[in-house]
Participant: 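My questions all concern the structure below.
Lettering of chains follows the sequences in order, A, B, ..., and the numbering in each one begins at 1.
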Amino acid sequence: MAEAEFLSLLSEPFMQRALLGGMLTGALGGVLGSFAVLRQLSFFSDALGHSSLLGITLGILLGVNPTLVLIPFAVIFALLVSQLVERSALPTDALLNIVYSSSLAIAILALSRVETYRGGIQQLLFGDILGISRLDVVVIAAFLVASVIYLGLSMRAQVLLTLNQDLAGAMGVRTRWHGLAFVILLAVVVAISIKAVGVLLISAFVVIPACAGRLLSRSFPVYVMISSGIGGGCALLGLLFSGLANLPSGPSVVMVQFLGFLLAMLVSNRIHSNISGA
Amino acid sequence: MSVKEAVLQVHDLSVERRGRLAVEGVSFALPAESDTALVGPNGAGKSTLVSALLGLLPHASGRVELLGQPLGANGCLPRSVRAQIAYVPQNLVIQGLIPVSVAEFVGFGFDLPGPRLPWRSGKQRTEAVFIALERTHTCDLRNRLLTELSGGQLKRVLLAFCLVRPRRLLVLDEAKAGLDIHSNEQFQQQLLELRRQEGWTVLQVSHDLEMVRRSSDQVLCLNRKLRCSGSPEATLSEERLGELYGLNMVSQHHQTHG
């Protein structure tokens, strides 16, 4: 793509919305991911993302805007799965696998029978960040602000809860309340990010920036900030790269995130070898 | 010491765990500044009782009062009371990834429950953290991550976490599990000193009956029900231990200790 053509693309409102929305989604994924990864909820967010297809299908079948159905669906689904995991003696990863593969299968089967559905399955699987509206950007920004305020004000509770649930409870943290609040927040964020990122790639937005951030941090608030920065930065770079190379946006962002993770590994190894050598 | 001065009072407490009664009809009181050991065989309900006393598990029946305030069925306590309680869990399994430094962690011990602006550290908090680290000889660890500490270092940091704010009650659930002999002695000595200096009332679950004999004022022998309670001399007799643990344990104890 010629330089002039690329610059003209950047001046398009849809592209500007995509860049802003992508950056905000990436930052939001980084913030929540930094807690989700430590609480071993990475696979949970993956399962939630895959199962969201069932929520979208439900919206299509009911003739309602899928995004409107997806948020309550994701919240109810997340709460039910949390209860199932809490009460079952089976390993969590096995249970989540059963839940997400079954819901994905049901969704695909149902979608294959819906003739009126005009949206492509590929769009649902990999997202369509170029299609996000001004309202979508506002909603994502609002949730980013809400997440930062909630997690910031309850940082002590969140860290103690992540360290040890009993210790947190003994120190006055309402463990059940905060645990549920986080799962609900994660579900809503997955639901509102699906349109931009897609069902298959949403967990990358939650997991990769947080893992990269962890490799570069030795303090909890710094870790959350770095994860968020990596999330937002990689999304921006990925979208610019996709525009420049005319490649699909979601996978481009994930590739940049992956490169960011590799870079964080290199930097972390360099820091550790310097510390050991000193 | 009168009952009015008790830091913790438990009346006819029963607790269910996984659908069965794990603790049944237990009553006792912890006098202020006393050191009480909770002993009993594995599966006797010691950790369940501790969890219930801290409000981590609901009560099936009975009543618990902490510093004169009733513990709600859902574990609710006024913030002012909760701030005076500290807990050292049996196994603080630090998630392999969590990047929390020793100083950050001890600082969280200073903060009261509830919302707080994360950047408002405050001079008082910083000083309290420094003093707690100094008194537990962990100043050199302040910038280390919790995940980088040995078992003994982590236990000392947990003591700093308890010490960073004035407390009345310290609950330890087999806090010395997994420590080697040297770390165990060091931890116990430090705990003893701090208890005397701070006036802590201590309740600790322990399997180390020799240590219990040496340092405890009161022993609670639990095996689902409270089998006996009183001074170490009265409760840790051969006969009582035989009843609590079974005869095999007593003969093993004899073989080990002569």
Participant: Measuring heavy-atom distances to chain A, does B:D173 have an atom under 4.5 Å in its side chain, in its backbone, in both, or in neither?
Facilitator: neither
Participant: Decide if atom CZ of A:F258 counts as having more than 12 heavy atoms of other residues, nucleotides or ligands within a radius under 6.0 Å.
Facilitator: no
Participant: Please assess A:L163 against B:F108 for the test side chain to side chain contact (heavy atoms under 4.5 Å, CB included), listing each intermediate value before the final yes or no.
Facilitator: CA-CA 12 Å; A:L163 271 173; B:F108 288 130; over 6 Å; no
Participant: Heavy atom to heavy atom, less than 4.5 Å: which residues from residues 157-167 of chain B reach chain A?
Facilitator: B:F161, B:R167
Participant: Within the structure provided, determine whether A:R156 and B:P113 are in side-chain contact (heavy-atom separation under 4.5 Å).
Facilitator: yes
Participant: Among B:I85, B:V88, B:L112, B:L77, single out the residue with the greatest number of heavy-atom pairs under 4.5 Å to chain A.
Facilitator: B:L112
Participant: How far does OH of B:Y87 sit from CG of A:L167, to the nearest 0.5 angstrom?
Facilitator: 8.0 Å
Participant: What are the two closest non-hydrogen atoms of B:L54 and A:A170, and how far apart are they?
Facilitator: CD1-CB, 4.1 Å
Participant: Should the pair A:R218-B:E104 be classified as a salt bridge under the 4.0 Å nitrogen-to-oxygen rule?
Facilitator: no
Participant: Which answer fits B:Q84, side chain, backbone, both or neither, if we ask what part of it has an atom under 4.5 Å from a heavy atom of chain A?
Facilitator: neither
Participant: Flag yes if more than 12 heavy atoms outside A:R174 fall under 6.0 Å of its CZ atom; otherwise flag no.
Facilitator: no
Participant: Chain B: which of A:S154, A:A157, A:S219, A:S34 shares the most heavy-atom pairs with it under 4.5 Å?
Facilitator: A:S219
Participant: Under 4.5 Å heavy-atom distance to chain B, tell me which part of A:V173 shows up: side chain, backbone, both or neither.
Facilitator: neither
Participant: Closest approach of A:R214 and B:L145, non-hydrogen atoms and distance?
Facilitator: NH2-CD1, 3.5 Å
Participant: Are there more than 12 heavy atoms of other residues, nucleotides or ligands under 6.0 Å from atom CZ of A:F43?
Facilitator: yes
Participant: Please classify the contact between A:L160 and chain B as side chain, backbone, both or neither, with a heavy-atom cut-off of under 4.5 Å.
Facilitator: side chain
Participant: Please tell me if the side chains of B:P99 and A:L38 come closer than 4.5 Å, counting only heavy atoms from C-beta onward.
Facilitator: yes
Participant: Does the pair B:I98 and A:F220 meet the rule for a side chain to side chain contact (heavy atoms under 4.5 Å, CB included), with working shown?
Facilitator: CA-CA 8 Å; B:I98 194 162; A:F220 203 85; 3.9 Å; yes
